[in-house]
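Here the structure is a predicted model, which is why all the values come from computation and not from measurement.
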Amino acid sequence: MTAQPVLKTDLMQTQLVKPCLVSSELNRELTSELDKELSKELKKSTQSKFSKAAEHYNTHANVQKHAASDLFALIKPGFNKNKVCVDLGAGPLVNTHTLQSMFSSVVAIDLSLNMLQSSDLTTAKICADMDNLPLQANSVDVIYSNFAVQWSANFSALMQSLYSILKPGGQAYISTVVEGSLNEIKTAFAALDSNSHINTFNSELYINQSVQNTGFTINSAKKHIYTDEYTTPLKAIASIKAIGATTQNHTNTRQGLLTKSALKKVCSAYPLINNKACVSYHVVLLSLEKH
């Protein structure tokens, strides 16, 4: 995918960004040609849906805000002022301002150009694919990524890339959605058909094994369950669309729009807790260090 740079010119004079924003050497030959084409289509779909959600993201991303707060709490206090931090999957820069108070330089990276442009915050911005990052090896002190890396086409390869980008002694603070998330929506749609209507997320075990295999020291790895409550099942289902998170990363998906009768059937099957329609996210929070 061709990345469109949103980039300060003075940043190009540093050793952080590669001369070419799309780095062919980072395109690993890990999948078949068919898988690559599927991945490209999913990337395009993800980019499009997050771009469309840019205007409403801050209003609806409640769970993301809670996870971001917990992730901030993991950041080591102290000598951070002279460090370069990358906000990976920065979206509309909701966390970048806080990172700017912690680090001397913050680079916001996101796949969606609309997301980056929706904020007038003054900081370096790069529109790029996290699976093809245009950053030099050993160039970054800290990587912060909240609710983003689950969209990677290959989490294990992404961890290798982040490890390479970090300087020795660098830290990575990452939250990622894992298996078990959106089970309420999955249950509701099971009343309609056997197709999948939600994303397939990596397991907690796979996340931990991938991180260990990369060589990171794991300072902390804990799973949290964050829950949003809605007054109706319809609002609960609409909530994941409002933040752009409806891209399905597999092929067993139902095609076409739901009819009114089908939607009514799904809403009737939605599991309620105290007359509330909940949407739960299982999230692993990681504090990692490169030695």
Side-chain angles (χ1 to χ4, degrees), residues 1-14 16-23 26 39-65 67-68 71-72 84-136 139-140 142-153 158 161-162 165 173-177 238-247:
M1 177 179 293
T2 302
Q4 296 174 295
V6 182
L7 192 63
K8 279 188 174 180
T9 54
D10 60 345
L11 189 66
M12 288 298 291
Q13 298 171 8
T14 73
L16 176 63
V17 180
K18 292 191 174 184
C20 177
L21 284 177
V22 182
S23 309
L26 286 180
S39 177
K40 287 178 182 178
E41 290 305 311
L42 289 171
K43 288 284 183 181
K44 289 179 182 178
S45 177
T46 301
Q47 183 183 46
S48 173
K49 290 182 178 180
F50 276 104
S51 292
K52 290 176 181 177
E55 183 180 349
H56 308 287
Y57 186 91
N58 289 343
T59 304
H60 295 276
N62 300 313
V63 165
Q64 287 85 335
K65 293 172 186 176
L71 203 56
F72 281 129
V84 175
C85 174
V86 165
D87 186 0
L88 182 61
L93 278 61
V94 291
N95 300 314
T96 309
H97 183 268
T98 302
L99 291 170
Q100 285 182 323
S101 70
M102 297 178 173
F103 304 100
S104 59
S105 179
V106 179
V107 181
I109 298 178
D110 200 88
L111 181 65
S112 168
L113 186 62
N114 284 3
M115 283 282 190
L116 292 172
Q117 292 180 330
S118 69
S119 172
D120 58 5
L121 186 67
T122 302
T123 193
K125 302 174 186 178
I126 304 175
C127 185
D129 183 353
M130 70 174 69
D131 291 322
N132 191 18
L133 288 171
L135 303 178
Q136 301 280 13
S139 64
V140 173
V142 176
I143 295 170
Y144 177 95
S145 183
N146 182 53
F147 257 73
V149 298
Q150 65 270 7
W151 306 117
S152 170
L158 174 61
S161 173
L162 298 186
I165 290 164
Y173 303 97
I174 297 168
S175 70
T176 181
V177 180
S239 70
I240 64 170
K241 181 177 181 180
I243 61 171
T246 54
T247 298

Residues in side-chain hydrogen bond (donor to acceptor under 3.5 Å, both in side chains) contact with Thr96, at least two apart in sequence or another chain | Asp87
Tell me, please, which residues at least two apart from Ser145 pass side-chain hydrogen bond (donor to acceptor under 3.5 Å, both in side chains).
-> none
Sub-4.5 Å side-chain heavy-atom contact between [X] and [Y]:
| X | Y | value |
| --- | --- | --- |
| Leu111 | Met130 | no |
| Leu135 | Ile109 | yes |
| Gln64 | Asn146 | yes |
| Val142 | Phe103 | yes |
| Val86 | Tyr144 | no |
| Ile165 | Ser139 | yes |
| Val177 | Phe147 | yes |

When you look at Leu71 and Asn95, which way does the side-chain contact (heavy atoms from CB on, under 4.5 Å) test go after all the steps?
-> CA-CA 10 Å; Leu71 203 56; Asn95 300 314; over 6 Å; no
Mind listing the closest non-hydrogen atom pair of Leu121 and Gln100 along with its distance?
-> CD1-OE1, 3.5 Å
Apply side-chain contact (heavy atoms from CB on, under 4.5 Å) to Thr98 and list each qualifying residue two or more places apart in sequence or on a separate chain.
-> Phe72, Ser101, Met102
Looking at Thr123, Leu99, Asp110, which hits side chain to side chain contact (heavy atoms under 4.5 Å, CB included) with Leu93?
-> Thr123
Working for side-chain contact (heavy atoms from CB on, under 4.5 Å), residues Val106 and Val84 = CA-CA 6 Å; Val106 179; Val84 175; over 6 Å; no
